[in-house]
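Since the structure comes first, as structure tokens, the remarks are kept for the end.
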Protein chains: 2
Amino acid sequence: MTNVLFAALDARWEQYETPLKTAFTEAGLTVDLRRDFAPDKVDYIVYAPNSDLQDFTPYTRCKAVLNLWAGVEAITGNETLTQPLARMVDEGLTDGMIEWVTGHVLRHHLGMDAHIHGLDGDWRNVAPPLARDRQITILGLGALGAACAQMLAQLKFNVTGWSRRPKQIDGITCLSGADGLTQALSTADILVLLLPLTPQTENMLNAETLATLPKGAVILNPGRGGLIDDDALLAALNSGQIGHATLDVFRVEPLPKDHPYWSHPNVTVTPHIASETRASSAARVIAENIRRGENGLPFLHLVDRSAGY
Amino acid sequence: MTNVLFAALDARWEQYETPLKTAFTEAGLTVDLRRDFAPDKVDYIVYAPNSDLQDFTPYTRCKAVLNLWAGVEAITGNETLTQPLARMVDEGLTDGMIEWVTGHVLRHHLGMDAHIHGLDGDWRNVAPPLARDRQITILGLGALGAACAQMLAQLKFNVTGWSRRPKQIDGITCLSGADGLTQALSTADILVLLLPLTPQTENMLNAETLATLPKGAVILNPGRGGLIDDDALLAALNSGQIGHATLDVFRVEPLPKDHPYWSHPNVTVTPHIASETRASSAARVIAENIRRGENGLPFLHLVDRSAGY
């Protein structure tokens, strides 16, 4: 019997209890899944960073903490967490992100907003350029960034990806390091932010990097709110340096009702819906990691605590 | 020396003269390309259906008429045209169509319009369903319909295609015939019209077929305006049977300023920009067909005059 503690808010328990039990059975595991256990009886913790559990010290027998989400910035600084920590890499999360990013890239590429707002009888029939004539840059080539890059390349966009460490992906111009960043930004018609939030990436989009983009560039941020210096972005939008920003994530969520992003004519707010972990596929990822732990195999998707993701 | 007559309006000549000459040279052809010839000297006609040339009788030596566009409904009824007629199947045209269709499918799938119009501080953070939970039906599985179907399947949408004659495409549920049409319509969350306009397809979307769609279905028409009975569509939009229509093509273009489509809250008008033939790639298709004709090889993309496309 493997004891698995579910440490997340009530709404998550309702969402995950059945999918997790199904996934454990399918993985051939015999699991006691509960929301409370004596800490020294717990083998694994299924964890949401906003749960009440913040002190991992008494969980002396715990073999791994399995995060329900992709983002781990709210937990990597917790010094009581000495157990291995795995991020969620969920097929549903990846697919949803591909759909949001591809959809909003095509929206800006095709100039759809003018048609959605309505042209009032004005027949401006000039076809947009083709994807092959458009440069897309994606900052971050993790599971989500790489998957989005590949779908955009399938649509024949010119895709440049940037990551801290050098990577190689077929059909994508992959850049890294500080010089690579300048080059990646300077060519971007549309810039997509899919970096993890770490002390190194916070405010990565600031007055200086915004000025490196071509005038009128479009920004999509389905990554993390803290990647953007909001005041610098608003200034760049007001000056016309940035043509439009479509933002899904914010430093404070829900985005406060009086935040200037809501009413700015060149900002589209989507309320953190770009993607979410889907219970059924995420439960299978968690079950697979527990199966691995029980069989002495290495865990999937381990967080590098020194890098912060 | 091969004599090629360019029979199209002035604007097309400006657009095509250089790309055609380049493509002929690249194909190893020695061509005299002109806008006027004695009719009995002409070997091939590069043709736009809105050109002044409407009587093909004197072109006794002409081996083929090579259409600049995909749509041939304005010429198939011309009884003086006895020469082989080839449609344009242009990579640029196909790519542009894939971009427009994929973009507008994702727009409706993600519910983007609410965000583009602005939610005014209302944080409704419910992620949309995944593509795998959405049914797309494409009527027409020619070069354009098949290419769009395959891209949507790559995004993991459930794609059903319908064509007059049975077809088979990997990853697509292919239906045909009258029963197939009812089935294809009855499951469509989003319906895409990419049929040619023929006497059989005119008004294919009428009161009866609109009623076969699930309530609230979305219609995309980048095909031909005549495929839709406009009065029936407006009635279905007003009753809520159809949730939204995004229309790129119309019976009369430019769409008259007082047409109810312009102001209808559930209609998006894009002014025939879904796709257009791109001169450089189209010129290569024309050169290839002339090369084939000069070498006794069968022409590509020949129109079946009895079927009308």
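Protein chains get the first letters and strands the later ones, always in sequence-line order, with residue 1 at the start of each.
For the options A/Pro254, A/Ala127, A/Gly103, heavy-atom pairs under 4.5 Å to chain B are most numerous at A/Pro254. In terms of heavy-atom pairs under 4.5 angstrom with chain A, the leader among B/Asp120, B/Val105, B/Leu110, B/Ile98 is B/Leu110. Contacts with chain B were tallied for A/His115, A/Arg124, A/His117; A/His115 has the most, counting heavy-atom pairs under 4.5 Å. Considering only heavy-atom pairs separated by less than 4.5 Å from chain A, the leading option among B/His109, B/Met112, B/Met151 is B/Met112. If you tally non-hydrogen atom pairs under 4.5 Å between each of A/Asp95, A/Asp113, A/Leu130 and chain B, the highest count goes to A/Leu130.
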Next item on the list: Decide side-chain contact (heavy atoms from CB on, under 4.5 Å) for B/Leu255 and B/Tyr261; before the verdict, give the C-alpha distance in whole Å, the side-chain angles of both, and the deciding distance to 0.1 Å.
Entry: CA-CA 9 Å; B/Leu255 183 67; B/Tyr261 283 152; 3.9 Å; yes
Next item on the list: Start with the C-alpha gap between A/Glu17 and A/Arg12, add the side-chain angles, then the distance that decides, and say whether salt bridge (Lys or Arg N to Asp or Glu O under 4.0 Å) holds.
Entry: CA-CA 8 Å; A/Glu17 184 186 3; A/Arg12 298 291 167 190; over 6 Å; no
Next item on the list: Check the pair A/Trp100, A/Val192 against side-chain contact (heavy atoms from CB on, under 4.5 Å), reporting the backbone distance first and the verdict last.
Entry: CA-CA 11 Å; A/Trp100 188 95; A/Val192 184; 5.8 Å; no
Margin query: Could you walk me through whether B/Leu106 and A/Thr102 satisfy the side-chain contact (heavy atoms from CB on, under 4.5 Å) test, starting with their C-alpha distance in whole Å, then the side-chain angles of each, then the deciding distance to 0.1 Å, before giving a yes or no?
Written below: CA-CA 8 Å; B/Leu106 283 169; A/Thr102 306; 3.7 Å; yes
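Among residues at least two apart or in separate chains, salt bridge (charged side-chain N to carboxylate O under 4.0 Å, His left out) pairs with a member in residues 241-252 of chain A are A/Glu202-A/Arg251, A/Asp230-A/Arg251. Sequence neighbours left out, the pairs with a member in residues 140-154 of chain A that pass side-chain hydrogen bond (donor to acceptor under 3.5 Å, both in side chains) are A/Gln154-B/Gln154.
Neither the backbone nor the side chain of B/Asp258 has a heavy atom closer than 4.5 Å to any heavy atom of chain A. Proximity to chain A is absent for every atom of B/Thr246, based on heavy atoms less than 4.5 angstrom apart. For a residue to count as touching a neighbouring chain, one of its non-hydrogen atoms must lie under 4.5 Å from one of that chain's; by this rule B/Pro128 touches chain A with backbone and side chain alike. Both the backbone and the side chain of A/His104 come within less than 4.5 Å of a heavy atom in chain B. When heavy atoms are compared at a cutoff of 4.5 Å, B/Phe250 approaches chain A solely by way of its side chain, counted from C-beta outward.
For the pair B/Leu20 and B/Thr18, the minimum side-chain heavy-atom distance is 4.5 Å or more. Using a 4.5 Å heavy-atom cutoff, the side chains of A/Ile219 and A/Leu205 are in contact. In this structure, A/Val285 and A/Met88 have side chains that are in contact, with non-hydrogen atoms separated by less than 4.5 Å.
The aromatic rings of B/Trp123 and A/Trp262 sit perpendicular, their planes meeting at an angle over 60°, well past the 30° parallel limit.
Side chain of B/Asn67 to main chain of B/Gly71: a donor-acceptor pair is present (N/O by atom type, distance under 3.5 Å, no hydrogens or angles). The backbone N or O of A/Ala236 sits less than 3.5 Å from a side-chain atom of A/Ser239, completing a donor-acceptor pair.
Side-chain contact of B/Asn238 with B/His264: a donor-acceptor pair under 3.5 Å is present, judged by distance alone.
Within residues 131-149 of chain A, the residues that have a heavy atom under 4.5 Å from a heavy atom of chain B are A/Ala131, A/Arg132, listed by number. For residues 267-278 of chain A, the interface with chain B (any heavy-atom pair closer than 4.5 Å) comprises A/Thr268, A/Val269, A/Thr270, A/Pro271, A/His272, A/Ile273, A/Glu276, A/Arg278, sorted by residue number.
A salt bridge links A/Glu73 with A/Arg224: the closest approach of a Lys/Arg side-chain nitrogen to an acidic carboxylate oxygen falls below 4.0 angstrom.
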